Amino acid sequence: MDTTEFRRRGKEMVDLIADYLENIEQRTVYPDVEPGYLRSLIPEEAPEEPDTYEDVVKDIERVIMPGVTHWHSPYFYAYFPTANSFPAMLADMLSGAIGCIGFSWAASPACTELETVMMDWLGKMLKLPEDFIAGTHGQGGGVIQGTASEATLVALLAARCRAVRMILASDPQRPETGITSKLVAYSSDQAHCSVERAGMIAGVRMKKIPTEQSDKYAVQGETLRRMIQEDKAAGLIPFYVRTEHTHPLLRNAEKIWMHIDAAYAGSSFICPEFRPLLNGIEFADSFNFNAHKWLLVNFDCSTMWVKKRSDLIGAFEMDPLYLKHDHQESGRYFCTDNSLFRSLKMWFVFRIYGLKGLQDYIRKHVELAKEFESLVRADQRFEISADVVLGLVCFRLKGSNEVNETLLKRINNGRKIHLVPCLLSGQFVLRFALCARTTESRHIREAWQLITQLAEEVMQELPH
Ligand code: PLP
């Protein structure tokens with residue numbers, strides 16, 4: 001493909017994308033295919049002779065679309081949102097064209113510098129404490145990761161490194177393996193499964209902090225304090241807590257690394273009315289959320305800040321000759337994750353929406369969630385299972401888990417809307433997450449009508 005053809009095909013592709021997104025609600029949100037469907041639709045091997053571009057484009061509808069779950073359909077209410085906006089898509093095109101890898105400042109100065117400055121912009125939108133802002137003299141700052149799971153792991157590895165170094169500083173004779181085998185990390189029993197996996201990868205003990213429904217599943221400081229004391233008494237070394245909530249308990253007196261993971265909720269903190277959810281962030285060592293979930297910056301863009309850049313740089317530092325450059329000592333720009341020019345997406349989105357546009361977007365989703373909550377509350381057959389704070393509504397039919405499981409199966413088999421469940425204190429709960437940028441009130445009402453119609457059928461068939 002030469003430049004002339006690329007110009008033509010590029011314009012066609014933009015049209016194809018615009019048509020796809022403009023008409024997405026006419027597609028079945030959840031695909032009706034069996035595992036392995038795709039293999040039979042394409043050859044076993046890559047073509048020896050080139051295919052034509054037209055052939056490839058034709059195969060998008062024949063091969064790809066039948067197996068696509070349309071995450072950007074206004075009928076998609078599963079998991080959590082994944083961001084999708086035109087400015088971010090355009091920036092991604094440019095990133096692909098520049099195609100640099102920003103593993104050091106010298107590898108592409110604009111790439112590392114824009115990332116640091118965009119993380120400052122976003123940190124300021126969130127009103128993060130000054131400690132997390134790089135500026136021109138700060139010790140902290142932000143770096144983009146691929147996912148929240150990666151950020152949890154990166155923080156855990158940095159915390160492990162810091163803990164080992166601190167102990168060795170006071171007891172240099174102690175063997176390092178004797179330290180790591182005693183390290184213990186903590187996370188809520190409600191935490192995302194990525195936390196357990198991070199513990200496995202880092203080779204450290206990971207303990208779950210029990211939570212209660214009556215405390216809205218938030219980790220209680222007293223429970224954590226007791227666990228830490230018991231573990232210390234048993235000769236273990238508590239060194240890391242990962243939580244969705246901030247903990248004044250850990251005012252760093254314990255020298256435990258506190259990592260706050262607000263993967264979904266984090267985007268909402270740009271609105272002053274939701275910012276109190278982040279109170280206490282000043283006690284944390286690191287903080288992360290997925291701008292690619294709810295802030296209109298397409299995947300991947302998981303934004304992570306640390307109070308001390310040296311904690312990250314120190315933990316992952318490699319110094320081969322080919323990475324050395326003349327400005328190394330400035331240390332202001334750091335990358336723990338090699339990737340394309342992801343900060344371009346942030347730059348485009350922040351400028352084209354403005355803080356106000358982003359706040360409006362978050363507020364609209366929260367309002368739609370409240371609207372859905374009101375519909376659920378107005379129907380005596382249903383109950384709300386957890387406080388509706390942002391854009392997620394957890395609800396269920398009053399009755400058995402079986403009745404709710406059957407209801408969800410019917411909903412998803414119908415393929416008109418798509419939801420996933422969760423388990424809250426042993427109860428099977430349906431999650432209704434506001435996901436698509438284009439969801440409107442009429443979609444919510446339509447979804448509710450469908451849910452109640454199917455509920456009626458299920459309740460007639462099953463004892464509840
Ligand atoms: N942590 C929390 C609190 C989450 O809600 C999620 C996903 O929704 C994750 C981690 C995992 O995110 P990722 O897929 O970016 O690793």
Side-chain angles (χ1 to χ4, degrees), residues 69 71 76-84 88 119 122 126 142-157 159 185-202 206 208-209 211 216-219 240-247 257-269 274 277-278 280-281 284 286-305 336-337 339 342 345-346 362 365-366 369 385-394 418-424 429-436:
T69 301
W71 280 60
F76 181 89
Y77 303 107
Y79 316 108
F80 272 132
T82 187
N84 183 279
M119 292 299 290
L122 184 53
L126 297 162
V143 62
I144 304 174
Q145 304 292 328
T147 61
S149 311
E150 262 177 70
T152 293
L153 177 63
V154 165
L156 183 68
L157 294 172
Y186 306 86
S187 184
S188 153
D189 62 359
Q190 300 295 313
H192 190 265
C193 58
S194 54
V195 183
E196 227 170 313
R197 205 180 301 136
M200 284 159 68
I201 297 170
M206 179 69 77
K208 288 185 177 172
I209 312 161
T211 59
K216 300 181 181 169
Y217 300 105
V219 166
Y240 176 86
V241 176
R242 175 240 166 249
T243 167
E244 292 86 10
H245 303 269
T246 46
H247 273 283
W257 184 298
M258 180 162 56
H259 176 65
I260 307 291
D261 172 0
Y264 164 66
S267 300
S268 73
F269 305 154
F274 302 122
L277 295 168
L278 192 60
I281 183 67
S286 53
F287 167 63
N288 163 251
F289 81 96
N290 285 346
H292 66 240
K293 271 191 163 68
W294 204 14
L295 209 59
L296 294 165
V297 183
N298 284 40
F299 189 83
D300 57 341
C301 187
S302 185
T303 43
M304 177 186 190
W305 290 262
T336 55
D337 191 14
S339 188
R342 291 181 289 199
K345 291 183 285 198
M346 299 169 82
I362 297 283
H365 270 193
V366 177
S385 308
D387 285 356
V388 179
V389 183
L390 299 169
L392 173 69
V393 185
C394 291
H418 188 51
L419 277 70
V420 292
C422 67
L423 214 55
L424 280 179
V429 167
L430 282 72
R431 296 170 75 266
F432 187 92
L434 263 296
C435 288

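None of the values given here were measured: they were computed from a predicted structure. For ligands, and for the atoms within them, numbers begin at 1 and follow the listed sequence. All values below were derived from every heavy atom in this structure, side-chain atoms included, with hydrogens, water molecules and symmetry-related copies excluded.
Between Tyr264 and Phe80, the ring planes are parallel. Angles under 30° get that label, and only those over 60° would be called perpendicular.
The contact set between ligand 1 and Phe80, taken as ligand atoms under 4.0 Å from a residue heavy atom, comprises 5 (O), 8 (O). Residue contact check: Arg242 has heavy atoms under 4.0 Å from atoms 1 (N), 3 (C) of ligand 1.
Val366 is listed as a side-chain neighbour of Phe274, based on a closest heavy-atom distance under 4.5 Å. Inter-residue side-chain proximity for Glu150 and Met304 is flagged as unmet; no heavy-atom pair is nearer than 4.5 Å. In this structure, the side chains of Arg242 and Leu156 stay at 4.5 Å or more apart for every pair of heavy atoms. Residues Met206 and Met200 fail the side-chain proximity criterion, which asks for heavy atoms closer than 4.5 Å.
Residue Glu150 has no N or O atom closer than 3.5 Å to an N or O atom of ligand 1. The shortest N or O to N or O distance between His192 and ligand 1 is not under 3.5 Å.
Counting only heavy atoms of the protein, atom 13 (P) of ligand 1 lies nearest to Ala148 N, 3.6 Å. In terms of protein heavy-atom proximity, atom 1 (N) of ligand 1 is closest to Asp261 OD2, 2.6 Å. For atom 16 (O) of ligand 1, the nearest protein heavy atom (residue, atom name, distance) is Ser149 OG, 2.4 Å. What sits closest to atom 4 (C) of ligand 1 on the protein, heavy atoms only, is Ala263 CB, 3.5 Å. Regarding atom 7 (C) of ligand 1, its nearest protein heavy-atom neighbour is Lys293 NZ, 3.3 Å.
The distance from atom CD1 of Ile260 to atom CG of Asn288, rounded to the nearest 0.5 Å, is 10.5 Å.
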request  = Please assess Trp294 against Phe289 for the test ring pair (Phe, Tyr, Trp, His ring centres under 6.0 Å), listing each intermediate value before the final yes or no.
outcome  = CA-CA 10 Å; Trp294 204 14; Phe289 81 96; over 10 Å; no

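Contact annotation for Asn290 and ligand 1: only side-chain heavy atoms (C-beta onward) come within less than 4.0 Å of the ligand.
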